[in-house]
Amino acid sequence: MIELLAVSKSFNTGKPNEFLALDKVSLVINRGELTILKGPSGSGKTTLLSLVGCMSRPTSGKIRLHGMRTAFMPQGVQSELLDISSLPERFLTEIRRSNFGFIFQQFNLVRGISVIENIMLPAYPTGESYGVFRARATALMEHFGIARHSHSKVEWLSGGEMQRVAIARALINGPELILADEPTAHLDSSLSRELMILLADFRKEGKTVLIASHDPIVYADPLADRVIEMCDGRIVAGERE
């Protein structure tokens with residue numbers, strides 16, 4: 001589904017404080033699998049996640065997506081092979097919106113507005129009927145047991161409830177691939193295990209899940225198909241033993 005070929009990413013390129021975050025990483029992320037990027041802070045896993053999710057560009061190397069929905073292709077058909085390494089930003093935005101759901105470490109919910117409004121936010125730019133995506137948001141809230149909080153402001157919720165809102169928001173556009181960056185950072189062990197079960201359920205639905213985490217509850221979970229271990233911007237181990 002996603003192929004990285006000798007991908008490197010550096011920051012402050014050409015300056016005395018240049019930092020190489022990824023160093024010639026090659027990796028294939030298979031469709032329908034739950035893959036975990038394991039490693040300490042600074043290992044490059046979050047940088048890799050951002051590149052896969054079209055949120056930043058590699059300094060060198062190629063990133064190829066297989067079978068992605070793209071509105072700029074003829075009649076919105078799926079692309080068999082799409083090199084995103086040098087696409088214009090407007091195309092990357094469309095790819096992100098159509099294919100990826102993001103779960104962030106800090107939740108990134110908008111304070112001051114309701115749960116359902118937070119969930120619906122990514123759907124507004126799609127041009128889809130308001131009634132259609134509102135109904136989908138309602139169904140997601142019911143699925144995750146947060147429907148009773150529909151009109152509550154998100155800052156009134158517990159950490160676990162906020163995480164469920166963040167997951168529902170990630171799913172509102174029906175993404176093919178879920179990207180989660182340290183999703184258990186603000187959860188206790190019980191909620192962390194519950195989150196892993198939810199993410200594994202997405203895989204059963206045919207979605208691809210990629211998680212960056214240094215939490216042993218996440219990377220030691222038997223529900224994962226693959227654990228990719230990273231250190232100093234490189235892959236040092238690729239399969240669970």
Side-chain angles (χ1 to χ4, degrees), residues 1-11 19-68 81-85 95-96 99-106 167 170 175-185 187 189 192-193 195-241:
M1 184 177 192
I2 300 173
E3 183 180 15
L4 289 82
L5 301 172
V7 169
S8 294
K9 178 66 175 180
S10 61
F11 296 93
F19 172 66
L20 185 62
L22 282 183
D23 186 9
K24 296 180 181 178
V25 170
S26 294
L27 175 67
V28 174
I29 300 168
N30 298 313
R31 185 183 299 276
E33 286 189 353
L34 194 163
T35 302
I36 295 171
L37 303 175
K38 168 189 175 183
S41 178
S43 62
K45 59 187 186 298
T46 296
T47 300
L48 193 155
L49 202 72
S50 71
L51 291 173
V52 168
C54 301
M55 292 185 286
S56 63
R57 300 175 185 275
T59 304
S60 62
K62 293 183 180 295
I63 302 175
R64 295 173 175 172
L65 307 182
H66 298 257
M68 292 291 177
L81 180 62
L82 185 65
D83 185 350
I84 65 170
S85 308
I95 292 170
R96 286 196 301 269
N99 297 279
F100 295 95
F102 298 94
I103 303 172
F104 300 99
Q105 178 177 349
Q106 300 293 339
I167 294 172
E176 297 279 341
L177 194 148
I178 306 295
L179 300 179
D181 185 17
E182 300 287 358
T184 63
L187 303 179
S189 58
S192 296
R193 293 186 180 92
L195 175 63
M196 287 303 296
I197 292 172
L198 289 175
L199 294 175
D201 285 343
F202 299 154
R203 177 194 57 188
K204 294 176 184 177
E205 296 170 3
K207 297 185 184 299
T208 305
V209 182
L210 180 62
I211 306 171
S213 181
H214 65 267
D215 184 351
I217 291 178
V218 175
Y219 63 71
D221 197 303
L223 295 172
D225 295 298
R226 249 201 321 172
V227 175
I228 307 295
E229 187 170 357
M230 300 188 67
C231 183
D232 297 329
R234 297 180 178 180
I235 293 175
V236 295
E239 295 283 349
R240 185 193 303 278
E241 296 182 359

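All residue numbers in this chain count up from 1 along the given sequence.
For the pair Tyr219 and Glu229, the minimum side-chain heavy-atom distance is 4.5 Å or more. Under the 4.5 Å side-chain criterion, counting only non-hydrogen atoms from C-beta, Thr46 is not in contact with Gln105. Annotation: side chain of Leu223 is not in contact with side chain of Leu199 (no heavy-atom distance under 4.5 Å). Two residues are said to be in side-chain contact when any heavy atoms from C-beta on lie closer than 4.5 Å; Ile211 and Pro183 meet this criterion. Side-chain contact between Phe100 and Met55 is absent, with no heavy atoms from C-beta onward closer than 4.5 Å. Inter-residue side-chain proximity for Val52 and Ile29 is flagged as met; some heavy-atom pair is nearer than 4.5 Å. For the pair Met196 and Ile36, the minimum side-chain heavy-atom distance is below 4.5 Å. Counting only heavy atoms from C-beta outward, the side chains of Val25 and Lys9 never approach each other to under 4.5 Å.
Between Phe102 and Ala170, the shortest heavy-atom distance links the atoms O-CB, 3.5 Å. Closest heavy-atom contact between Ser43 and Met230: CB-O, 3.5 Å. Annotation for Ser213 and Thr184: closest pair OG-OG1, 4.5 Å, computed over non-hydrogen atoms. Nearest approach of Ser26 to Ile235, heavy atoms of both residues: O-CD1, 3.8 Å. For the residue pair Asn99 and Pro175, the shortest heavy atom distance occurs at O-CB, 3.4 Å.
Between the side chains of Ser85 and Asp83, a donor-acceptor pair is found at a separation under 3.5 Å.
Put simply, CG on Leu34 and CG on Asp221 are 8.0 Å apart, with the number rounded to the nearest 0.5 Å. Rounding to the nearest 0.5 Å gives a distance of 5.5 Å between OG1 of Thr47 and CG of Leu22. Distance check: Lys38 NZ to His214 NE2 gives 12.0 Å after rounding to the nearest 0.5 Å. Annotation: the span from Ile63 atom CD1 to Leu51 atom CG amounts to 4.5 Å, rounded to 0.5 Å. Remark: Leu198 CG to Ile103 CD1 distance equals 9.0 Å, nearest 0.5 Å.
Listed by chain and residue number, nothing satisfies the side chain to side chain donor-acceptor pair (under 3.5 Å) test with Lys24 (two or more places apart in sequence, or in another chain). Evaluation of the side chain to side chain contact (heavy atoms under 4.5 Å, CB included) rule for Ala212 yields Leu37, Lys45, Leu49, Asp181 as partners, not counting sequence neighbours. A search for side chain to side chain donor-acceptor pair (under 3.5 Å) contacts involving Ser192 returns nothing, not counting sequence neighbours. Evaluation of the side chain to side chain contact (heavy atoms under 4.5 Å, CB included) rule for Asp232 yields no partner, not counting sequence neighbours. Applying the salt bridge (Lys or Arg N to Asp or Glu O under 4.0 Å) rule to Arg234 yields the partners Asp23; only residues at least two apart in sequence or on another chain are considered.
Distance alone, capped at 3.5 Å, places no donor-acceptor pair between the Arg64 side chain and the Leu5 backbone. Side chain of Thr35 to backbone of Leu210: no donor-acceptor contact under 3.5 angstrom is found.
Pairs engaging residues 48-57 under the side chain to side chain donor-acceptor pair (under 3.5 Å) rule: Ser50-Ser56 [sequence neighbours left out].
When Thr208, Leu177, Ile167 are each tested for a side chain to side chain contact (heavy atoms under 4.5 Å, CB included) with Phe202, only one passes: Ile167.
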